[in-house]
S.K.: 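If you scroll down you'll find the structure; I have some questions about it.
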Amino acid sequence: MRGLEKQGPSATAAPCGCAQPALETGNLLTEPIGYLESCFSAKIGTPRQPSICSQSRACLKIRKSIFNNPEHSLMGLEQFSHVWILFVFHKNGHLNYKAKVQPPRLNGAKTGVFSTRSPHRPNAIGLTLAKLEKVEGGAVYLSGIDMIHGTPVLDIKPYIADYDSPQNLEPQTKHHKLRAAGPSDATANSCDQQLLSGCEKAQPCHSTKEKPKCREHRTSDENSQKFRDTSEIQHTLPEDRERAVDLALESSREETMDEPEDQLGPQELKSFLEEGTDRPRKVEGALVLRGSSAETRWDASCHARTADRVPCSVVPSWVKEAPVATLQVRFTPHAEMDLRKLSSGGASQTSFKYFHSAEEAKCAIEAMLSADPRSVYRRKLCKTFAMS
Ligand SMILES: C[S@@+](CC[C@H](N)C(=O)[O-])C[C@H]1O[C@@H](n2cnc3c(N)ncnc32)[C@H](O)[C@@H]1O
């Protein structure tokens, strides 16, 4: 966390005067992981966003020049329902961009390029949230895409509503009160449903009170019983008992685990996402798939404002139930004193640049440390750690 940093990174020379390696200066020489085989052959007629046409299909084969065994790189991806695709607008030309653009929806009015999804931008990088139909060997099959045939794809990342949707940032916004100032609730609560293809009719979000009670939206009372169940499970992990951060404030695990309410396999779930069958109406949170050998828990993130609360995206169980304990954070008197000093901000003193107050800094530190930022190596090496 760059709380006190004075300057941004230098874009030119290293301290020794040598030219910095390209990555350090952000000059990335990209190599496409594959070229999209898309149902659209030309820019004209291609949807402007993936949500417009869920039937638009494409296939991406990972190139052998990237990975000898492309299928290895896709291992586990099939457990996600949606993926981000980062790609190059290769049919635009690098120099073809302006600071202000006229997005079709503004009907002729201009706005800054970075406030739009214009394909004409400095680095010609596109970002599409696509539905993952299947993974087969070294290839992924997608639907709900807005890229033309031959589009160079730079990367694939799984869509994880907990990370990728503002509604899911509650542990920080609600409990740690990090957002001292920011956009109004109405803006912050824009429906991520609208981002997702294959989900029907997004409902307007009126207020947080009207949100359906998905796991993230339950009240703390409603969550507490579930939390007790979860924490019991957590405490059976041997490492849990040994972890402590020497910085104060007790932080409890906010995440809860829903009871299984139905049993669906990935394919059933995917077809549900596609077709909206009746069955998953019973499902609001976690779904359990019982395989022949092991049990896999599927979690259906339900952030949609749809009346029947359909789940919109699916992630594997490890995303929400990672076997990593939340740490307790305690601030030592010394750390408290340092925070006070920094917040007093006298002219000669170092003060916060990115935090508004000591309380906010404390919340940020607590949030960051309670999530256990250590590498796996360090976690195993030292069971406890202290910061002052
Ligand atoms: C408005 S952009 C949005 C793309 C992406 N969802 C985003 O937000 O970055 C989508 C349009 O880009 C154009 N397009 C798609 N693939 C392209 C490519 N490889 N090169 C240039 N233009 C492309 C098509 O006209 C399509 O309608």
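When a ligand or atom number is given, it counts from 1 through the structure's own listing order.
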S.K.: Roughly how far, to the nearest 0.5 Å, is the OG atom of Ser38 from the CG atom of Asp146?
M.R.: 9.0 Å

S.K.: Just distance, no hydrogens or angles: give the donor-acceptor pairs under 3.5 Å from side chains in residues 63-75, sequence neighbours left out.
M.R.:
| residue | atom | partner | partner atom | Å |
| --- | --- | --- | --- | --- |
| Arg63 | NH1 | Pro32 | O | 2.8 |
| Ser73 | OG | Pro70 | O | 2.6 |

S.K.: Please find the pair of heavy atoms, one from Ser118 and one from Thr116, that lie closest to each other, and give the distance.
M.R.: N-OG1, 3.1 Å

S.K.: As a test of reading the model: which residues have a non-hydrogen atom less than 4.0 Å away from ligand 1?
M.R.: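 Contacting ligand 1 under 4.0 Å are Lys43, Thr46, Pro47, Arg48, Gln49, Pro50, Phe87, Val88, Phe89, His90, Lys91, Asn92, Arg117, Pro119, Gly126, Leu127, Thr128, Asp146, Met147, Ile148, Thr151.
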
S.K.: Is a side-chain N or O of Glu24 found less than 3.5 angstrom from the main chain of Ala22, in a donor-acceptor match?
M.R.: no

S.K.: Would you mind reporting whether Lys341 and Asp338 have side-chain heavy atoms less than 4.5 Å apart?
M.R.: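 Asp338 reaches Lys341 side chain to side chain.
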
S.K.: Decide yes or no for Thr128 and Leu142: does some side-chain heavy atom of the first lie under 4.5 Å from some side-chain heavy atom of the second?
M.R.: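 No; the side chains remain at least 4.5 Å from each other.
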
